[in-house]
Amino acid sequence: AQTVTQSQPEMSVQEAETVTLSCTYDTSESDYYLFWYKQPPSRQMILVIRQEAYKQQNATENRFSVNFQKAAKSFSLKISDSQLGDAAMYFCAYRSGPRGANSKLTFGKGITLSVRP
Amino acid sequence: DTAVSQTPKYLVTQMGNDKSIKCEQNLGHDTMYWYKQDSKKFLKIMFSYNNKELIINETVPNRFSPKSPDKAHLNLHINSLELGDSAVYFCASSQDRGTGAQYFGPGTRLLVL
């Protein structure tokens, strides 16, 4: 079974600075997807970024980028130019690839990010 | 337009009651899911349907019964509610079984008294 570990329960960043959120996972599969979701106080789950395991290039979405290290099974999220609206809980999630019958998301425990003005 | 919607957003009820949560998606996706988020914010899959067919059924008490009348709707019925059922329940959908990100509804906060 796959597991996702987010070992830091909380992090804080100064507005306009950069912060990196860590995530590691364990799997025996070679084809899979990784995601970061954001959950602000409104509790809505918002997709931030996704990465296909077969792609070597790290995904980027505006101020959000990932550092995907497949051999190390590491998938960290970097937020540049942090904004007050980035304050939220962030979840790392794993999903089996297309050949896997199991399409569920397996989530880490989440990390609470606060942004200092 | 709301992509994945759930009703109700809040549900307060007594132990032993039966309740339903409804979910609808207008994204044209063919796979839908129910997740439970507990008091520690941990998210766990409960069920998944693909084109009205049940494809994931995690270890969930049989008091919980999902129903999918069509691929745009996935409802969750809970019988004999217990205190431990208090949680936030999220519906989600994705394009197909094996690929694509999942898009979540706003969640339903259930409180069992």
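Each chain gets a letter, A, B and so on, in the order the sequences are listed, and its residues count up from 1. FYI, side chains are in, hydrogens and waters are out, and symmetry mates aren't considered; it's all heavy atoms of this structure. Model, not experiment: these values are computed from the prediction.
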Single-linkage hydrophobic cluster, 4.5 Å side-chain cutoff, [X] and [Y] together:
{"X": "B:Tyr103", "Y": "B:Tyr33", "value": "yes"}
{"X": "B:Val4", "Y": "B:Leu110", "value": "no"}
{"X": "B:Leu81", "Y": "B:Tyr10", "value": "no"}
{"X": "B:Ile21", "Y": "B:Val112", "value": "yes"}
{"X": "B:Tyr49", "Y": "B:Val60", "value": "yes"}

(message) With heavy-atom distances below 4.5 Å as the criterion, would you say the side chains of B:Ser48 and A:Ser103 are in contact?
(response) yes

How would you list, in number order, the residues of [range] that have a heavy atom less than 4.5 Å from chain B?
{"range": "residues 80-93 of chain A", "result": "A:Met89, A:Phe91"}
{"range": "residues 108-117 of chain A", "result": "A:Gly108, A:Lys109"}
{"range": "residues 37-44 of chain A", "result": "A:Tyr37, A:Gln39, A:Arg43, A:Gln44"}

(request) Look at B:Gln102, B:Arg109, B:Lys41 and state which one has the largest set of heavy-atom pairs under 4.5 Å with chain A. (result)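 Maximum pair count with chain A is reached by B:Gln102.
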
Pair up each side-chain donor or acceptor in residues 70-77 of chain B with any protein partner under 3.5 Å, not counting sequence neighbours, and list the distances.
from    : atom 1 : to      : atom 2 : distance (Å)
B:Asp70 : OD1    : B:Ala72 : N      : 2.9
B:Asp70 : OD1    : B:His73 : N      : 3.2
B:Asp70 : OD1    : B:His73 : ND1    : 2.7
B:Asp70 : OD2    : B:His73 : ND1    : 3.3
B:Asn75 : OD1    : B:Cys23 : N      : 3.4
B:His77 : ND1    : B:Lys19 : O      : 3.4
B:His77 : ND1    : B:Ser20 : OG     : 2.5
B:His77 : NE2    : B:Asn79 : OD1    : 2.9

(request) Measure the CG-OH distance between A:Leu105 and B:Tyr35 for me, rounded to the nearest 0.5 Å. (result)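 These two atoms lie 3.5 Å from each other.
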
